[in-house]
Amino acid sequence: MMVQVQERVHKGAVRRSPSEGRRDPRHSYGPLVLVSTKIIFSARPQGSRRSTFNTVYTQSHAHTMGIVEKIKEIEEEMARTQRNKATEYHLGLLKAKLARYRAQLLEPTSKSGPSGTGFDVQKSGDARIALIGFPSVGKSTLLGKVTTTASETAAYEFTTLTAIPGVIEYRGARIQLLDLPGIVEGASQGRGRGRQVVSTAKTADLIVIMLDATKSDEQRRLLEIELDAVGIRLNKQKPDVVFKKKTTGGITFNTTVKLTKTDERTIRSILASYKLHNCDVMIREDITTDEFIDVLIGTRKYIRCLYVYNKIDAISLEQLDKLAREPNTVVISCEMGLNLDYLIDRMWEDLHLVKVYTKKRGVHPDLTDPICLRKGATIEDVCNGIHRSLAANFRYALVCSSTKGKSSKFAPHAQKVSLAHQVQDEDVVSIFTK
Ligand SMILES: Nc1nc2c(ncn2[C@@H]2O[C@H](COP(=O)(O)OP(=O)(O)OP(=O)(O)O)[C@@H](O)[C@H]2O)c(=O)[nH]1
Ligand SMILES: [K+]
Ligand SMILES: [Mg+2]
């Protein structure tokens, strides 16, 4: 196969000009590639690597087998049950049961060992990104390209057998990128190292689902199912439901919107199946039955996800254009170094990091060493980012908000604030102690 790409494409077309404003993800980079890329393709031999996603080693854990079977039974019953108004209630109960079994599977008791936990890699830096994908999609190749860490890459599946952390240094932040073993269908139920991988994904601030652009889009759905099964909700907000357990008083049920996807009867029966007879439920959004179960279980993780299609050097321009227009999607070629700068840009944006500079009285702020925090962080988080004991001795803080790109940062109107004050990106903060 032969591919030629003009170097200019990667350097020039990919980065957004500062005046462009917020990007609509649907119109991300796709069309740009088309105008400025000269890629000469010839077909890659199809089927050169057989897809063996679900035939690889199955390291079964005896203790989970009973639960796995029960889960299977319920899933089969759900598949047999037609979806309509009359069965909605029954399906709701099945879903609740299913969620309980899955929770048991994933939060194993002490005697069942560490199989439900992730890899033992220390979190470091300001944020963690986990690379999730089927074998040989190019996860390790990406790590090698965007960090200084090398992780073995090869044309055979399951090259990577453990979690390998690398660091991306970008805009003053240190972001940990975690290369992980490829997973197979059924990973969440203990196949291969899959459960360890998906459990590690739970610890990430951003999940990158890496996909092989030359393969069917089925891979994306299968990965989403595996992550969903361990309680990860991708690109979703926590449902707007207030749920409070009480010791007496029965169930109070209130809604502020009309429920069209579930109903009070279903919800009450789910509460009963969880033996919750005294609680306040206030629903403020048109939720589904599944979303209500998520609220009850309470341990769901709502994590941002970026879909990254690799190996675009091996697909047609038409296919490339279609993929690039999908929401939350970036198309790249690790091998050709295509669009990697843009990927880092997008990852940075999706992490929603806020950079804050600290300033001592009478001294210019240190602009080389910002504190990176999550969006919504407060002055208290800034204190904790400086020193453990700072918040305890806190008197007040002065915050100078700066408009990005303007020099007002240096001649600002300082605002006196308390610990609970939320900081904004590019704020300059001075802390005053007792
Ligand atoms: N055509 C093409 N091949 C690529 C690209 N990136 C990686 N590869 C090839 O894909 C194969 C697998 O790459 P790896 O980085 O080992 O894949 P992985 O996802 O880490 O695989 P596992 O660790 O086994 O799960 C290697 O032969 C790479 O050379 C790309 O952009 N285009
Ligand atoms: K590989
Ligand atoms: Mg690998």
Side-chain angles (χ1 to χ4, degrees), residues 49 52-53 56-57 59 113-170 173-185 187-188 190-212 219 223 226-227 230 232 234 301 303-311 330 332-341 343-348 350-351 353 372:
R49 192 176 56 240
T52 52
F53 290 162
V56 202
Y57 58 92
Q59 191 185 17
S115 49
T117 57
F119 291 96
D120 196 15
V121 177
Q122 189 111 55
K123 267 199 172 188
S124 77
D126 302 306
R128 168 180 275 187
I129 302 177
L131 281 172
I132 302 293
F134 284 119
S136 277
V137 294
K139 301 177 294 296
S140 304
T141 311
L142 178 68
L143 187 85
K145 289 276 173 171
V146 299
T147 74
T148 53
T149 306
S151 175
E152 194 185 344
T153 69
Y156 55 84
E157 301 182 337
F158 298 102
T159 309
T160 309
L161 295 173
T162 186
I164 313 232
V167 177
I168 301 173
E169 292 197 27
Y170 191 61
R174 288 171 59 80
I175 300 162
Q176 184 181 57
L177 183 64
L178 213 50
D179 181 25
L180 291 163
I183 62 169
V184 294
E185 194 180 351
S188 56
R191 302 190 64 175
R193 281 179 178 73
R195 260 172 73 200
Q196 243 181 317
V197 173
V198 285
S199 301
T200 307
K202 272 189 156 176
T203 67
D205 301 299
L206 170 70
I207 291 175
V208 165
I209 291 193
M210 197 158 181
L211 302 153
D212 184 331
Q219 36 170 355
L223 289 167
E226 297 305 330
L227 293 174
V230 295
I232 296 174
L234 299 173
K301 287 269 191 283
I303 306 179
R304 289 278 314 157
C305 171
L306 201 56
Y307 298 89
V308 175
Y309 287 88
N310 185 31
K311 310 194 186 182
V330 177
I332 60 167
S333 166
C334 290
E335 218 153 75
M336 308 293 304
L338 277 174
N339 221 14
L340 298 181
D341 288 356
L343 172 62
I344 291 176
D345 231 26
R346 279 294 292 272
M347 294 197 297
W348 162 266
D350 280 357
L351 282 171
L353 293 177
C372 284

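Fair warning: this is a prediction, and the values are worked out from it, not measured in the lab.
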Between Ala154 and Ser136 the two heavy atoms that sit nearest each other are O-OG, 3.8 Å
Can you name the closest pair of heavy atoms from Gln176 and Gln122 and give their distance? NE2-O, 3.0 Å
Partners meeting side-chain hydrogen bond (donor to acceptor under 3.5 Å, both in side chains) with Asp179 (sequence neighbours left out): Ser140, Ser151
Residue pair Ile175 / Ile129: nearest heavy atoms and the distance that separates them: CG2-CD1, 3.6 Å
When you compare the side chain of Val330 with that of Tyr309, does any pair of heavy atoms fall below 4.5 Å? no
Determine whether Tyr170 and Asp345 satisfy the following criterion, side-chain hydrogen bond (donor to acceptor under 3.5 Å, both in side chains), listing intermediate values before the conclusion. CA-CA 9 Å; Tyr170 191 61; Asp345 231 26; 2.3 Å; yes
What's the spacing between Thr203 OG1 and Ile232 CD1 if we round to 0.5 Å? 8.5 Å
Mind checking whether Phe134 and Ile209 have side chains closer than 4.5 Å, heavy atoms only? no
Would you check if Val146 and Leu142 make a side-chain contact, meaning some heavy-atom pair closer than 4.5 Å? yes
Identify the heavy atoms of Thr160 and Ile164 that sit nearest to each other, and give their distance. CG2-CG1, 4.3 Å
Would you check, one step at a time, whether the test side-chain contact (heavy atoms from CB on, under 4.5 Å) holds for Leu131 with Leu177? CA-CA 7 Å; Leu131 281 172; Leu177 183 64; 4.0 Å; yes
Please check this pair: side chain of Lys123 against backbone of Arg128, looking for a donor-acceptor N/O pair closer than 3.5 Å. no
May I have the step-by-step check of side-chain contact (heavy atoms from CB on, under 4.5 Å) for Leu206 and Met347, ending in yes or no? CA-CA 8 Å; Leu206 170 70; Met347 294 197 297; 4.0 Å; yes
Stepwise side-chain contact (heavy atoms from CB on, under 4.5 Å) check, Thr141 with Lys139: CA-CA 5 Å; Thr141 311; Lys139 301 177 294 296; over 6 Å; no
Which value, rounded to the nearest 0.5 Å, describes the distance between Cys334 atom SG and Asn310 atom CG? 4.0 Å
Side chains of Glu226 and Glu185: does their closest heavy-atom pair fall under 4.5 Å? yes
Would you say that more than 12 heavy atoms from the other residues, nucleotides or ligands in this model lie under 6.0 Å from the NZ of Lys301, or not? no
Is any side-chain heavy atom of Val308 closer than 4.5 Å to a side-chain heavy atom of Ile332? yes
Any side-chain heavy-atom pair from Ile207 and Arg304 closer than 4.5 angstrom? no
side-chain contact (heavy atoms from CB on, under 4.5 Å) evaluation trace for Ile168 with Thr147: CA-CA 5 Å; Ile168 301 173; Thr147 74; 3.8 Å; yes
Are the side chains of Ile132 and Val197 in touch, meaning some heavy atoms are under 4.5 Å apart? yes
Starting at SG of Cys305, measure out to CG of Asp350 and round the result to the nearest 0.5 Å. 9.0 Å
Which heavy atom of Gly194 sits nearest a heavy atom of Ile183, and at what distance? CA-CG2, 4.0 Å
Between Arg174 and Asp126, does any NZ, NE, NH1 or NH2 come within less than 4.0 Å of an OD or OE carboxylate oxygen? no
Between Phe119 and Thr200, the two heavy atoms sitting closest are N-OG1, 3.0 Å
So, does Asp205 use its side chain to make a donor-acceptor pair with the main chain of Leu351 at under 3.5 Å? no
Between Glu152 and Thr159, is the side-chain hydrogen bond (donor to acceptor under 3.5 Å, both in side chains) condition met? List the steps. CA-CA 7 Å; Glu152 194 185 344; Thr159 309; over 6 Å; no
